[in-house]
Every structure is written in C-alpha cells, then in structure tokens.
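Since the structure comes first, as structure tokens, the remarks are kept for the end.
We use all heavy atoms of the structure for the numbers below, so side chains are in, but hydrogens, waters and symmetry mates are not. Just so you know, residue 1 is the first one in the sequence shown, and it goes up from there.
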Amino acid sequence: MRVAMFGYQTWGHRTLRALIDAGHDVALVVTHPKSDHAYEKIWSDSVADLAEANGIRALLRQRPDDAELLAELKEADLDLIVANNWRTWLPPEIFEMPRHGTLNVHDSLLPAYAGFSPLIWALINGEKEVGLTAHLMDADLDAGDIVLQRSVPVGPKDTTTDLFHRTVDLIAPITTDAIELIAKGNFTPVKQDRSKASFFHKRALQDSLIDWTWPADEIERLVRAQSDPYPNAFAYHRGKQLRVVRSSVSTGLYGGTPGRIFIREGEGVVIVAGPEARRGRSHGLVIERVRTEDGTELAATEYFHTMGGYLTNRP
C-alpha cells in the first residue's frame, strides 16, 4: 500500500519500522519536534531520523493544520494513513483523505483508556490485562471502529516499564496484520461500545504525588506505575521531595493518621495509609527504597533513621 505515517517517540518509530519492513510504499512521515516534557523524553526513538535513514520525507509539526502538509498529502495519492502516538487531533480533511481512511494504533484495549498514558492509568487501576487496538480513525479521539486488538496479562509485580516493553513488541504485528485485513477487505470493523469508554488526560508531576488516604494496595500500584524511567511516585518529608522507588503492602494492620512514618516491617518502613486508617484495620505501605532530591537512592531503613513524623503532600 501507499501510505503516510503520523507518529512520535518509540511508538511511532516501531510503526514506521514495521511499514518499511513490510514493503509498504511510505510516501511521507509527519512527526512532532523533540520535547523537554518529562513523559515525552522517555522512549524517544526518533521517527524523523528513521525516515531520513530510509530516504523518506519527514515533516515536523506540532499540529497538522497547514496548507503545505495538506498539499503534500493530496499529491501523495494515498491508500492509507497509519498513526501511532500522534499527540494532537487530526482533522477530517486529513483522516478521510486516503482511499481506506486512517488506521490508528493505540496502546490500550479500547474503548477503555482512550487518551493519554493508558498503561500507567491501567496499572494504577488494577487492570488484569493491557494491550493495543488498531482502529479506523473518526472525528472522536480513539473512538473509531476496531480492526484488531492484542492483549497481554498484567502480573502482580509488573511495572509500567514491563508493560511498555511487552506492548511495544506488539506494534509491528498488529500494524501489518491490520493493514493486510484492510487491503483484502474481508473483515467487518467492530463498533466500540461507548458505554464502556473512558478517556484519560496527560500525566503531570501532580499525578505522581502520593495521597496517603488511598488504600495501600492502590498506592503500591502507583509506585509500580511510576517506575523508572518514569517520574517516580513521591511525597514530601521535612520539606523536601522524597521519591518512592520500591514498595509493598504491609503484612500487618496499622491504625492512625495516613502518612505517619510508623514502624519497621520486613525490608522497609510502614507508612500508615487508607481512608479508614483511624480504625486500625488497614494495611500500610511498606516503603523499601527511596530516592532523595539530589538523586541518591537508599534503602528506606537507611533513610528513616527514627520512626515518627509524616510524609505529606506539600513541602
């Protein structure tokens, strides 16, 4: 097929690599300029560099709303546009232009977790599986008819980093398989059940701040969801940011005020947690490893020399 590709970071890079390896005629690539945003510096393989290395014209755009881009897309006489991790809305005059429309590859099992950072949100929420969806783009973000889905299970100790590596390896096969179905025309796209849809915003620093009124198991998932190289889950201790690198749910039940630095257990230090911690029937969060503001990583038992005091949500 003659295609154009809209994409960014490693997700877009893997998609373009799949198109090239499958022998598709890639007429044009559109990608975003490099960014200093914390989440956009992670998994940042360059789509533009891959295009250039393969003699493919690449355009850098924040938004696809200029006459030059529209003219080049029209002139390319496309069968299909393929998109993956394109960060801004594509207008109908673009996604409807090719003969077969636009195939978008999104890293969630749509209709759930449309939008941004789906792996992080899914892990925080305790989902049992994550995956990819290849769907035909329409006017609503991540809402078009589904061509294919692929899933992987989420284990009890998995981090978002683990899930990234498993799902990114699905990009090439789901892209090439979906294009083959579209080319043959022997499939029926499945409409998304909008009653099951959810839509999530981009993550920012505030979203990694620990709320100690959450149950300990949910905080533990937040810590795994913000695993390196993502910005870690954090709280403040004695006025300074303290990042939580590794944690677990306590064996014992502890009572008191959420955020209290309470007692040693196992390989770490228990922090009182939960909406009803005052009743003494809640598990705490065992912090096992921390990272200080200067980047020093320590065992929690080395960092917390004495018990008492609080981890807070502000300096």
- request: Could you label the plane-to-plane angle of the Y236 and F234 rings as parallel, tilted or perpendicular, counting under 30° as parallel and over 60° as perpendicular?
  value: perpendicular

task: Salt-bridge test for R289 and E297: reply yes if a basic N is under 4.0 Å from a carboxylate O, no otherwise.
output: yes

task: Please answer whether the main-chain N or O of T159 pairs with a side-chain N or O of R224 as donor and acceptor at a distance below 3.5 Å.
output: no

- prompt: According to the interplanar angle, ranging from 0 to 90°, do the rings of H32 and W86 count as parallel (below 30°), tilted (30 to 60°) or perpendicular (above 60°)?
  reply: parallel

message: Show the nearest heavy-atom pair for residues N84 and V105, with the distance to one decimal.
response: OD1-O, 3.0 Å

- request: Verify side chain to side chain donor-acceptor pair (under 3.5 Å) between S108 and H106, making sure each step is shown before the conclusion.
  value: CA-CA 6 Å; S108 84; H106 178 72; 3.3 Å; yes

- prompt: For the atom pair CG (L103) and CE (M137), what is the distance rounded to the nearest 0.5 Å?
  reply: 8.5 Å

- request: Check whether the side chains of S247 and E220 place a donor and an acceptor atom closer than 3.5 Å, and report yes or no.
  value: no

message: To the closest 0.5 Å, what do you measure between CG (L119) and CG (D158)?
response: 11.0 Å

field: Side chain D177, main chain I174, donor-acceptor under 3.5 Å
entry: no

task: Compare all side-chain heavy atoms of D142 with those of N104 and state whether any distance is below 4.5 angstrom.
output: yes

task: Look at D45 together with R14 and state whether they make a salt bridge at an N to O cut-off of under 4.0 Å.
output: no

Check: Y113 and E127 side chains under 4.5 Å, non-hydrogen atoms: yes

field: Carboxylate-amine/guanidinium contact D162 K157, below 4.0 Å
entry: no

message: Could you check whether D79 pairs with R2 (Lys NZ or Arg NE/NH1/NH2 to Asp/Glu carboxylate O, under 4.0 Å)?
response: no

message: Are L109 and I146 connected into the same hydrophobic cluster when the rule is that any two of I, L, V, M, F, W, Y join if their side-chain heavy atoms are below 4.5 Å apart?
response: no

message: Between the side chains of R57 and E52, is the shortest nitrogen-to-carboxylate-oxygen separation below 4.0 Å, so that they form an ion pair?
response: no

query: Does the side chain of T88 reach to within under 4.5 Å of the side chain of Q62, using non-hydrogen atoms?
result: no

query: Out of curiosity, does L73 fall in the hydrophobic cluster containing M1 (side-chain heavy atoms, cut-off under 4.5 Å, transitive links)?
result: no

message: For G144 versus Q192, what's the shortest heavy-atom pair and its separation?
response: O-NE2, 2.7 Å

Which atom of I219 lies closest to which atom of A273, heavy atoms considered: CD1-CB, 3.9 Å

Heavy-atom side-chain proximity of W43 to P229 below 4.5 angstrom: yes

- request: Look only at the side chain of D140 and the backbone of A143, and say whether a donor-acceptor pair between them is shorter than 3.5 Å.
  value: no

message: Would you say the ring centers of H237 and Y310 fall short of 6.0 Å from each other?
response: no

- prompt: Is a side-chain donor or acceptor of E267 paired with a backbone partner of E288 at a separation under 3.5 angstrom?
  reply: no

Joint cluster assignment, L136 & I81, ILVMFWY side-chain distance < 4.5 Å: no

- request: Please check if the distance between the ring centroids of F200 and F116 is under 6.0 Å.
  value: no

query: So do the side chains of V29 and L59 get within less than 4.5 Å of each other, counting heavy atoms only?
result: no

message: Please check if the number of heavy atoms outside K191 that lie under 6.0 Å from its NZ is greater than 12.
response: no

Contact check, side chains of E265 and Y254, non-hydrogen atoms, under 4.5 Å: yes

Pairing of R99 and D77 as salt bridge, 4.0 angstrom limit: yes

field: Minimum heavy-atom distance L170-R166, with the two atoms named
entry: CG-O, 3.6 Å

query: Can you tell which of P33, S44, S35, S46 makes a side chain to side chain contact (heavy atoms under 4.5 Å, CB included) with Y8?
result: S35

field: Straight-line distance of E129 CD to S151 OG, nearest 0.5 Å
entry: 4.0 Å

field: Same cluster (ILVMFWY, side-chain, under 4.5 Å), I271 and Y303
entry: yes

message: If you compare all heavy atoms of A122 against all heavy atoms of V130, which two are closest, and at what distance to 0.1 Å?
response: CB-CG1, 3.8 Å

message: Heavy-atom count check: over 12 atoms from other residues, nucleotides or ligands less than 6.0 Å from E68 CD?
response: yes

message: Between R87 and E40 (salt bridge meaning N to carboxylate O under 4.0 Å), is one present in this structure?
response: yes

task: State, to 0.1 Å, how close A216 and H283 come at their nearest heavy-atom pair, and which atoms those are.
output: CB-O, 3.5 Å

query: Centres of the F164 and W11 rings: under 6.0 Å?
result: yes

- prompt: Does the side chain of Q226 come under 3.5 Å of the side chain of N232 through a donor N or O and an acceptor N or O?
  reply: no

task: Check whether any side-chain heavy atom of P91 lies under 4.5 Å from a side-chain heavy atom of E93, and answer yes or no.
output: yes

field: Value rounded to 0.5 Å, distance of CD1 in I56 from CG in L50
entry: 7.0 Å

- prompt: Within a radius of less than 6.0 Å around CZ of R194, do more than 12 heavy atoms belonging to other residues, nucleotides or ligands occur?
  reply: yes

field: CD1 on I120 to CG on N125, rounded to 0.5 Å
entry: 12.0 Å

- line: Rounded to the nearest 0.5 Å, the CZ atom of R278 sits from the OG1 atom of T257 at a distance of 10.0 Å

- prompt: Should the pair D228-R291 be classified as a salt bridge under the 4.0 Å nitrogen-to-oxygen rule?
  reply: yes

field: F95 reachable from I179 in the ILVMFWY side-chain graph, under 4.5 Å edges
entry: no

message: Using side chain to side chain donor-acceptor pair (under 3.5 Å), reason through T15 and T175 one step at a time and then give a plain yes or no.
response: CA-CA 7 Å; T15 305; T175 300; 4.6 Å; no

